[in-house]
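Here is the structure we will look at.
Atom set for the values below is all heavy atoms of this structure, side chains included, hydrogens, waters and symmetry mates excluded. Here is the naming used below: chain letters follow the sequence lines, and residue numbers restart at 1 for every chain.
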2 protein chains.
Amino acid sequence: MGIRYAILGLLNYEDLHGYRIKEHIERNFGHMWSINYGQIYQNLKRLEDEGLVKMVEVAQSENGGPRKKLYCITEEGRAEFSRWLASSPDRQMLLRDPFLTRFVFFDFGDPEDALRLIDEQIESYERQLDRRRENTGRWKQYGTYVRLTSELGVEFNEMYLGWLKRARGEVERRMRAGAKAWEAPPKR
Amino acid sequence: MGIRYAILGLLNYEDLHGYRIKEHIERNFGHMWSINYGQIYQNLKRLEDEGLVKMVEVAQSENGGPRKKLYCITEEGRAEFSRWLASSPDRQMLLRDPFLTRFVFFDFGDPEDALRLIDEQIESYERQLDRRRENTGRWKQYGTYVRLTSELGVEFNEMYLGWLKRARGEVERRMRAGAKAWEAPPKR
DNA sequence: AACATATATGTATTTAGTATATAGTGTCAA
DNA sequence: TTGACACTATATACTAAATACATATATGTT
């Protein structure tokens, strides 16, 4: 029930259709937020059933093309969104990372594999940090809260890159020292 | 398919049953990892069907009590775990936070509500940081990778608390200045 | 003509997460 | 002594989220 309110929140800014919502989220929250069409269209349908949004089908452009369903938030929608916004979040932050899930178990793995995976992460997050910094300007127009959130994104990225590089150093030093003979388990 | 390998990973250390696995995860990863019995028992069953773990039913203790199903990793299981461990993660980090989801939209809300929610977060993360710092010692026995991961947890927590406090200051200052008259939407 | 790309929506399936049911044992207090 | 509560243990039902796949039209390119 989080996507539901994120969509409702975006509709506070302007009327949108599914495709544009995905584009918007990708562009603005793409770092920590990746969303799928399936999730969007299902949520839009349900929001409409509940009367929190209204839908009008419109042509894509003068030249035709697939028609789009433009959604606009209703008064009921705004009221429901306000209630949610002021309510205390019921859950803690959720962080799930397929890299970290592997990393924490690497005492059972080959340090060389660990180094390779770390390097992949460093490269990926360095590119991400560049993009985030480029975008900070654009986010300012949305107001204080959006700007602060984007700053959090940058700070997180910097912190994480720092940790990755430190971890890399430790793993490499430990590997060179040959501190622990790593034994491959049987492959079959 | 992440929980599956996390369970397999824990079984590398020692034989475990469902209840103990949850306890283990809660104790050691409880900050960023919360798992549910439903997920554990389903995954254990499936792992057994696939021959990656073996199960023996044993009594709980001498005094009786509900019997437990003790799971142990097989050779096939170890091989499959090794393959997974060395494979490049297919997805990016996933961060989902019901507080941040609200925060980013607070240009449509009452700053006083924002302050209240921020204060709740600060209190919660300050307690969490204390617990994490207490635990760092215990984690060291598990090796370099577990220790590094726990250090990441602490660094993340410190960074996030810093951001929360800065954000609080900005919101408060902005509110006092009355920079923007906030208008409540119709409640009904 | 064939192919890629962009716009647009939708369904099906799998995985993750939440809630709740069940059941035995031990403990402490009213 | 019984009854509430906590602890150990497993299991199922249900909801939400995430992924994969399917469809359709228009534009530009080779």
> If two hydrophobic side chains count as joined below 4.5 Å and joins carry through other members, does A:Y125 share a cluster with A:I122?
Replying inline: yes
>> Quick check on the 6.0 Å ring-centre criterion: do A:F156 and B:Y160 meet it?
In response: no
Identify every side-chain donor-acceptor pair in residues 98-105 of chain A under 3.5 Å, counting partners at least two apart or on other chains, and give the distances.
unit_1, atom_1, unit_2, atom_2, d
A:T101, OG1, A:D97, O, 2.8
A:R102, NE, B:W84, O, 3.0
A:R102, NE, B:S87, O, 2.8
A:R102, NH1, A:P98, O, 2.8
A:R102, NH2, B:S87, OG, 3.0

> Which of residues 97-105 of chain A sit near DNA chain D, with a heavy atom under 4.0 Å from it?
Replying inline: none
> For the helix from C:dA1-D:dT30 to C:dA30-D:dT1, what is the angle between the axes at its two ends, each from 5 pairs, rounded to 10°?
Replying inline: 0°
> Is B:D130 paired with B:R127 through a side-chain N to carboxylate O contact shorter than 4.0 Å?
Replying inline: no
>> Using the ring-ring contact (aromatic ring centres under 6.0 Å, His included) criterion, which residues pair with A:Y13? Sequence neighbours excluded.
In response: A:Y142, B:F108
> Would a 4.5 Å heavy-atom cut-off, applied to side chains only, mark A:L161 and A:Q121 as touching?
Replying inline: no
> In whole angstroms, how far is the P atom of C:dT18 from the CD1 atom of B:I40?
Replying inline: 13 Å
Report all side-chain donor-acceptor pairs from residues 15-22 of chain B shorter than 3.5 Å, counting only partners two or more places apart or in another chain.
unit_1, atom_1, unit_2, atom_2, d
B:R20, NH1, B:E23, OE1, 2.9
B:K22, NZ, B:I35, O, 3.3

>> Distance check needed: D:dA9 C1' versus B:H24 NE2, whole Å only.
In response: 18 Å
> Which whole-number value in Å describes the distance from B:K22 NZ to D:dA11 C1'?
Replying inline: 14 Å
>> Strictly below 4.0 Å, N to O, side chains only: are A:R116 and A:E120 in salt-bridge contact?
In response: yes
> Does a salt bridge link B:R4 with B:E50, judged by any charged N lying under 4.0 Å from a carboxylate O?
Replying inline: yes
> Among the clusters formed by ILVMFWY side chains lying less than 4.5 Å apart, do A:M93 and A:W163 turn up in the same one?
Replying inline: yes
> Which parts of nucleotides 7-17 of chain C does protein reach within less than 4.0 Å, heavy atoms only, written one letter per nucleotide 5' to 3' as B for base, S for sugar-phosphate only and - for none?
Replying inline: BBBBBB--SSB
